[in-house]
There are 2 protein chains.
Amino acid sequence: MSSFNILQEIAAALESLNRSERKVADVILSDPQAATRSSIAALAKAAQVSEPTVNRFCKRFNTAGFPDFKLNLAQALASGVPYVNRNVEADDTADSYSPKIFEATIASLAYAREKISPAVVNRAVDQLIQAKQILFFGLGASGPVAQDAQHKFFRFNIPVAAYDDVLMQRMVAAASATGDVIVIISYTGRTRELVDIAELARGTGATVIGITAPNSPLARHCTVVLGVEAPEDTDVYMPMTSRIVHLTVIDILATGVTLRRGPDFLRHLKAIKDSLKETRYPIEPLA
Amino acid sequence: MSSFNILQEIAAALESLNRSERKVADVILSDPQAATRSSIAALAKAAQVSEPTVNRFCKRFNTAGFPDFKLNLAQALASGVPYVNRNVEADDTADSYSPKIFEATIASLAYAREKISPAVVNRAVDQLIQAKQILFFGLGASGPVAQDAQHKFFRFNIPVAAYDDVLMQRMVAAASATGDVIVIISYTGRTRELVDIAELARGTGATVIGITAPNSPLARHCTVVLGVEAPEDTDVYMPMTSRIVHLTVIDILATGVTLRRGPDFLRHLKAIKDSLKETRYPIEPLA
DNA sequence: GTCAGTGAGGTAATTTTCTTACATATTTGC
DNA sequence: GCAAATATGTAAGAAAATTACCTCACTGAC
C-alpha cells in the first residue's frame with residue numbers, strides 16, 4: 001500500500017504544508033534525483049531547515065524515515081510517471097504538449113493499474129467465458145472502444161457484436177436472454193439511455209458488465225463493475241485518457257479469456273494472425 | 001553508462017562471483033524487494049557473511065556503497081522493466097496479468113514519447129489546420145482508431161470522415177483533391193491496399209499523413225509520417241499497445257489543432273461538451 | 001614439505017547518518 | 001493578551017555504513 005507515487009503526493013500536498021515543510025518540498029521537487037542521493041544533513045542545509053524537520057517531513061508521507069523516503073522517491077522516479085500535473089497550456093508548442101499528453105495518459109494508466117481489482121477482473125472473465133453471445137455497447141467516444149472490443153473478441157469463436165447507437169442497443173438489450181453478456185462502456189456512468197438499457201437487459205436475465213465509473217447510476221445496474229474512476233477532467237474538453245484506460249481494460253479481459261482457453265487456443269490465434277500475411281508487403285531486411 | 005538495470009547485471013555476473021559474493025547475490029535475487037529495505041547488517045546475516053563483504057559486493061557493481069546500491073535496486077524494481085520477464089505467461093492469474101498489461105502499455109507510451117518528433121507533429125498540424133476536408137483511414141484494429149479520430153475532429157468544424165473498409169477508402173482517395181488531408185493509420189505500414197491507396201491519394205494532390213511504422217512502404221508514400229516503431233510483438237496475437245499509441249498520437253494532433261485555433265475556440269468546445277448534459281443523470285454529491 | 005606471497009574474508013574501530021528527546025519559539029483561539 | 005496548540009531547532013544518542021587492519025587459506029618456488 002502506502003503511496004502510489006510519492007512525488008505526486010508531495011506535489012498534491014504542497015498547499016497544506018507549513019513553512020519549513022514547504023521549503024523541504026520545494027528542494028525535493030526541484031531536483032528529486034539529487035534528493036535521492038543526498039544525506040538528511042545535506043538536504044536540511046539546502047532547504048535551510050533542521051534535520052529533524054526533514055525527518056518529520058518524511059514521516060508525514062507515510063515512510064519509516066529518511067532512508068525509506070529516499071527509496072520511495074527513487075522508485076517514483078524510476079516508474080516513469082511524471083509527478084507534476086502537467087496540463088496543456090495555451091502557449092504550449094509541440095515540444096511541450098506532446099510529452100504532456102503522453103505523460104497524462106501514462107499517469108492515468110498507472111492510476112488504473114493500482115485501482116483495478118483482480119478479483120473483479122476474474123468475475124468478469126468468468127462471465128465472458130460462459131457467454132452464449134457477447135455484446136459491446138458504447139456511445140460517443142466509447143463507440144470506437146466497443147468496436148475495438150468486438151475486433152478482439154471475435155477471435156474467441158463466440159458470437160460478438162458492437163453497437164454504438166441507442167436504438168439498436170435498446171432493441172438488442174430487450175431481445176437479450178440469460179447467457180448473453182452485455183458489456184457497457186461509459187466514462188461517466190451517468191448517461192440516462194445506457195442506464196435504462198442496463199436495467200432492461202438485467203430484466204431479461206442477461207449479464208451486464210460495466211466498464212464505467214464506480215458508484216455511478218450505471219454501475220448500480222451491472223452484474224460486474226470494472227470501475228475506473230474519472231481522474232479529473234483536465235482534458236481540453238474531449239475524452240482522452242478515459243477511453244485509453246477502457247481499451248486497456250478490454251485488453252485485460254481478452255487476455256483473461258485467452259488464458260482460460262489454454263495453450264491450444266494460441267494456435268488458433270496464430271492462424272488468424274497469419275491469415276493476414278497475404279495482404280502485406282514482406283518485412284524488409286535492414287540495410 | 002553505468003547499469004541499465006542492476007538486477008540484470010547481478011544475475012548475469014552470478015557465475016563470475018566468488019563464494020561469499022555469490023551468497024550475497026543469492027540472497028538479493030531471491031527477494032530484491034526485501035533487500036531494498038534491509039540494513040547492511042541484516043543482509044550480511046542473511047547471507048552469512050560479514051558486513052564489509054556486502055559492502056565490497058556493492059562496490060563491485062559500480063555503486064558508491066550499500067545505500068547507493070539499495071537505491072539502484074529500488075529503481076530497477078520500479079522501472080517496470082525488471083529482470084524478470086514481464087510478458088504474460090500461461091499460468092498467470094488476474095493478479096499478475098492485469099498489472100503486466102498496464103505496464104506493457106505504459107512502457108510503449110514512454111517509448112513513443114521519446115521517439116516522436118515535435119517538428120513532425122507541427123508539420124502534421126500545419127496540414128490539418130489548412131485542410132478543406134479530413135479523412136481517417138484504418139483497417140482491422142485501426143478501424144476503431146480512425147472512428148475515434150473522427151469523433152475528435154468533427155469538433156473543429158471541418159468536414160471529417162472515417163473509413164474502415166478498403167473499397168470506400170479507395171473510392172474516396174481517388175476522388176480526393178488538393179486541400180484534402182488523408183490520415184492513414186496502420187501498425188505495420190505494410191498492408192498492400194493501404195500503400196496503394198496512399199499512392200493514389202498523392203496522385204490527386206491530396207496530403208497524406210501516416211501514423212505508421214517509419215521506413216515502411218506506406219511511410220514512403222506519405223507527405224508527413226508520424227512514425228511509431230513497432231515494439232516487438234509480444235502480444236498474445238492481438239494488437240494491443242500499438243493502437244493505444246496511435247490513439248495518443250491522435251490526441252496530440254487534436255490538441256495541436258485546438259491550440260492553433262486559439263482561446264476563443266475553447267468556448268466552442270465547451271458548448272459541445274455541455275450539450276451532453278441533458279442526456280445524463282446529475283453528478284451525485286458525496287455522502 | 002615449508003615458507004613467502006597473494007588475496008579472500010572477518011573483526012573492530014571510526015565515521016557518517018539518522019532518530020529521538022527535549023527545549024524554545026511561534027502561531028491560533030478565546 | 002494569554003493559554004494552548006503547533007511548529008521548529010538543539011543536542012544527545014542510536015543505528016548504520018565504511019575503513020583500517022588482521023588472519024587465514026591457498027599458491028607456487030625452492
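Hydrogens, waters and symmetry mates play no part in the numbers below; they use all other heavy atoms, side chains included. Throughout, protein chains are lettered first and strands after them, A, B, ... in sequence-line order, and every chain is numbered starting at 1.
- Applying the salt bridge (Lys or Arg N to Asp or Glu O under 4.0 Å) criterion to A/Asp126, with sequence neighbours excluded, gives A/Arg260.
- Atom CD1 in B/Ile40 sits roughly 11 Å away from atom P in D/dT19 (whole-Å rounding).
- Screening residues 36-60 of chain B for ring pair (Phe, Tyr, Trp, His ring centres under 6.0 Å), with sequence neighbours left out, gives B/Phe57-B/Phe61, B/Phe57-B/Phe69.
- With no hydrogens or angles considered, no side-chain donor-acceptor pair links B/Thr258 and B/Thr255 at under 3.5 Å.
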| said: For nucleotides 6-13 of chain D, give me one character per nucleotide, 5' to 3': B if any protein heavy atom sits under 4.0 Å from the base, S if the only such contacts are to the sugar-phosphate, - if neither. | reply: -SBBBB--

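- Under the salt bridge (Lys or Arg N to Asp or Glu O under 4.0 Å) criterion, the residue pairs touching residues 47-68 of chain A are A/Glu21-A/Arg60, A/Asp68-B/Arg37, with sequence neighbours excluded.
- One interatomic measurement links the two molecules: CG of A/Asn55 to P of C/dC18, which rounds to 9 Å at whole-angstrom precision.
- Distance check, rounded to the nearest 0.5 Å: CG of B/Leu43 to OG1 of B/Thr53 gives 11.0 Å.
- In this structure, B/Lys45 atom NZ and C/dG10 atom C1' are separated by 17 Å, rounded to whole Å.
- Heavy-atom distances under 4.0 Å link DNA chain D to B/Gly65, B/Phe66, B/Pro67, B/Lys70 of residues 63-70 of chain B, given in residue order.
- Atom CD1 of A/Ile244 and atom OG1 of B/Thr105 lie 9.5 Å apart (nearest 0.5 Å).
- Take B/Arg22 and apply the salt bridge (Lys or Arg N to Asp or Glu O under 4.0 Å) test, not counting sequence neighbours, and it matches B/Asp26.
- Here CD1 of A/Ile209 is found 6.5 Å from CG of A/Leu253. Values are rounded to the nearest 0.5 Å.
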